[in-house]
Amino acid sequence: MANEEDDPVVQEIDVYLAKSLAEKLYLFQYPVRPASMTYDDIPHLSAKIKPKQQKVELEMAIDTLNPNYCRSKGEQIALNVDGACADETSTYSSKLMDKQTFCSSQTTSNTSRYAAALYRQGELHLTPLHGILQLRPSFSYLDKADAKHREREAANEAGDSSQDEAEEDVKQITVRFSRPESEQARQRRVQSYEFLQKKHAEEPWVHLHYHGLRDSRSEHERQYLLCQGSSGVENTELVKSPSEYLMMLMPPSQEEEKDKPVAPSNVLSMAQLRTLPLADQIKILMKNVKVMPFANLMSLLGPSVDSVAVLRGIQKVAMLVQGNWVVKSDILYPKDSSSPHSGVPAEVLCRGRDFVMWKFTQSRWVVRKEVAAVTKLCTEDVKDFLEHMAIVRINKGWEFILPYDGEFIKKHPDVVQRQHMLWTGIQAKLEKVYNLVKEAMPKKPDGQSGPVGLVSGDQRVQVAKRQAQQNHALLERELQRRKEQLQASAVLPGVRIKEEPMSEEGEDEEEREAEDEEEPMDTSPGGGLHGGLANGLPAGRAAGDSFNGHPPGSASTVARELRAFVQATFQKQFVLTLSELKRLFNLHLASLPPGHMLFSGISDRMLQDTVLAAGCKQILVPFPPQTAASPDEQKVFALWESGDISDQHRQVLLEIFSKNYRVRRNMIQARLTQECGEDLSKQEVDKVLKDCCVSYGGMWYLKGTVQS
């Protein structure tokens with residue numbers, strides 16, 4: 001047509017498929033609200049889920065101070081539901097309808113056509129949705145009000161009836177015996193609506209922790225919406241070679257497929273292997289070989305393959321052990337599989353095999369009986385683990401099958417550091433599951449054991465004596481510094497501060513504590529070399545000495561960088577356990593470029609001293625005796641003064657939790673009113689609770705201290 005205008009392509013956008021949250025991402029559809037108000041602005045009091053049914057219930061606060069809120073109606077609803085006498089079982093403890101429950105329902109059973117999209121820096125990242133849930137208001141409180149009304153009517157009728165003292169007539173009782181249920185009757189009963197409803201009601205609720213839009217955990221999880229391999233060749237779902245694209249357009253006929261020779265299902269030729277995407281090639285090779293040096297893997301993939309892309313791909317399917325790559329346990333034992341020997345589920349097998357791999361990061365030798373005693377697995381399963389990566393030596397045990405690859409360690413320090421951090425996390429999980437005594441990680445930069453020589457007992461004694469003599473003067477200086485800190489520090493009201501012994505026996509105890517407490521946080525490639533030193537140096541070293549191998553100026557720069565991280569973190573979180581702070585610090589390290597000064601090694605003691613120097617206080621929460629929290633989870637730190645108007649309220653709240661492990665909301669509100677001398681509004685109390693606490697099972701806990 002003459003008036004038809006050209007329609008040129010304005011912009012081309014690359015599309016990537018992110019799979020990190022493919023089986024976990026749900027879309028929640030809330031009721032329509034004003035555009036100026038988001039659901040993140042509304043305090044979420046509690047959240048729970050029934051995983052099998054994909055059913056969610058959220059409890060949200062109602063703004064009772066809003067001019068559109070009818071207070072008389074809210075009081076009437078609370079009175080109808082709970083009655084005149086409010087107790088711990090009341091739905092509305094404030095005698096006012098101040099919260100609302102939302103219950104989910106599935107909108108569609110087929111979500112394969114839906115995805116969440118994130119547009120960033122000219123790239124469109126798509127993540128498939130696992131489910132779409134519509135949240136609608138739940139009116140279960142009306143059923144409770146009706147039940148209360150029926151109980152009152154029954155009580156009134158019973159009171160109005162005449163009190164007849166005559167004995168009740170004897171009634172005949174008919175006894176019936178049920179017949180055995182046939183198979184057809186049982187199937188009909190199982191498929192009935194009542195049976196399904198009863199089965200759904202029996203599934204227990206799992207309480208959840210809600211993280212707001214601006215929470216650090218939400219920001220971390222949001223990164224998984226980006227395709228991890230968007231810059232490489234691993235994004236094979238949307239990138240096809242010309243031959244693959246032609247094969248998709250014109251698939252071979254069935255006659256041609258029948259003419260091809262049939263090979264065994266577990267055999268794949270190198271020619272067939274190289275037709276697959278790079279990620280699949282690496283996965284298949286590692287799954288079959290189990291253990292392989294990086295140089296051998298590159299030779300199998302061919303000279304034209306980029307080593308950087310291979311490094312990214314190998315880290316998804318294997319772990320670094322003594323400089324060599326060992327296939328991950330979940331690749332060999334996928335979900336829903338089990339042991340062919342004992343029938344143990346895949347989760348337990350993966351945990352046991354990870355323990356064996358971790359032991360080989362500590363030493364070249366592993367004893368099978370020790371592994372079986374810790375993992376509680378049968379002999380055949382443990383033997384399978386060891387045969388994957390070791391060979392047996394008579395009267396010695398199992399030795400790692402490949403020699404230590406020092407060349408790879410020196411050539412790729414960034415990969416080594418990342419793998420070391422992963423092994424640190426795995427070690428923490430294994431210690432918690434198997435109740436292991438915390439062991440020091442190896443001293444090599446990659447967290448792997450190097451070649452080990454035999455050392456006699458006399459030599460070890462002489463080395464220990466020399467180290468003790470060298471550390472004696474350093475420990476005395478550290479003891480003097482702690483005494484000065486104790487004398488200068490002010491005592492926090494309501495918080496107990498541990499007093500260190502000052503006698504000669506106390507000095508010996510101080511030396512032992514210095515050796516125990518100065519264990520590095522395992523964020524350093526070099527690790528700590530002495531038990532009583534932070535990063536191999538005394539904390540009280542003079543300013544002219546070097547710090548972790550850096551000149552004196554670098555030491556102060558590292559301290560400033562660490563303090564800046566701590567201050568920024570506590571301005572967002574207010575309350576953190578030492579365990580959570582270390583997790584956030586490891587995430588911060590992972591975002592830094594290789595060779596950054598913070599990689600020089602930060603010990604637990606240095607991190608705690610920096611937290612206290614940044615204006616935070618340690619809150620000694622009285623955990624219950626049977627708590628499963630680790631020592632790091634029991635160390636709770638809080639920002640004492642942030643400069644806003646809620647500082648006084650938060651300080652009162654922290655003093656409450658220095659004497660109570662968990663507290664009810666009404667007790668917190670009463671104490672705040674008593675200490676602050678004013679009647680705080682519900683919004684002010686909600687803000688303080690949101691800053692410092694989490695709600696679980698109707699009780700309030702400091703963040704990070706709740707044990708579900």
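Put simply, CZ on R563 and OG1 on T610 are 8.0 Å apart, with the number rounded to the nearest 0.5 Å. How far CZ of F637 is from CD1 of I619: 9.5 Å, rounded to the nearest 0.5 Å. In this structure, W423 CH2 and M357 CE are separated by 4.0 Å, a value rounded to the nearest 0.5 Å. Residue L672 holds its CG atom at 5.5 Å from CD1 of I656, rounded to the nearest 0.5 Å. Here T424 contributes atom OG1 and Q419 contributes atom CD; the two are 11.0 Å apart, rounded to the nearest 0.5 Å. Here the CG-NZ distance, from D414 to K411, works out to 12.0 Å after rounding to the nearest 0.5 Å.
Inter-residue side-chain proximity for T627 and E633 is flagged as unmet; no heavy-atom pair is nearer than 4.5 Å. With a 4.5 Å cut-off on side-chain heavy atoms, L612 and K617 do not count as touching. R650 has its side chain within reach of D644: a pair of non-hydrogen atoms, C-beta onward, lies under 4.5 Å apart. Using a 4.5 Å heavy-atom threshold, the side chains of V652 and H649 count as separate. Inter-residue side-chain proximity for V575 and L639 is flagged as unmet; no heavy-atom pair is nearer than 4.5 Å. In this structure, C692 and F657 have side chains that are not in contact, with every pair of non-hydrogen atoms separated by 4.5 Å or more. Side-chain contact between V611 and Q618 is absent, with no heavy atoms from C-beta onward closer than 4.5 Å.
Electrostatic pairing of D330 and R351 does not count as a salt bridge here, judged by no charged N lying under 4.0 Å from a carboxylate O. Using a 4.0 Å cut-off between charged side-chain N and carboxylate O, D691 and K687 make a salt bridge. A salt bridge links E580 with R583: the distance from a Lys NZ or Arg NE/NH1/NH2 to an Asp or Glu carboxylate oxygen falls below 4.0 Å. By the 4.0 Å N-to-carboxylate-O rule, D604 lies too far from K635 to be salt-bridged with it. Between R671 and E675, at least one side-chain N (NZ, or NE/NH1/NH2) sits under 4.0 Å from a carboxylate O, which counts as a salt bridge.
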Show your working on side-chain hydrogen bond (donor to acceptor under 3.5 Å, both in side chains) between E431 and Q427 and close with a plain yes or no. CA-CA 6 Å; E431 287 173 354; Q427 180 191 9; 3.1 Å; yes

What's the verdict on side-chain contact (heavy atoms from CB on, under 4.5 Å) for W700 and V694, showing C-alpha distance, side-chain angles and the deciding distance? CA-CA 6 Å; W700 288 89; V694 293; 5.8 Å; no

Does D354 form a salt bridge (charged side-chain N to carboxylate O under 4.0 Å, His left out) with K359? I'd like the steps, not just the answer. CA-CA 9 Å; D354 287 345; K359 290 292 287 183; over 6 Å; no

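In this model, no donor atom of one side chain and acceptor atom of the other lie less than 3.5 Å apart for E219 and Q223. In this model, no donor atom of one side chain and acceptor atom of the other lie less than 3.5 Å apart for S642 and Q571. Inspection of the E123 and H125 side chains reveals an N or O donor paired with an N or O acceptor under 3.5 Å.
Taking the six-membered ring where the residue is Trp, H207 and Y696 present perpendicular rings, their angle passing 60° and hence far from 30°.
Heavy atoms only, all atoms of each residue included: D632 and T577 are closest at O-CB, 4.0 Å.
Counting heavy atoms of neighbouring residues, nucleotides and ligands inside a 6.0 Å radius, atom CG of L65 exceeds 12 of them.
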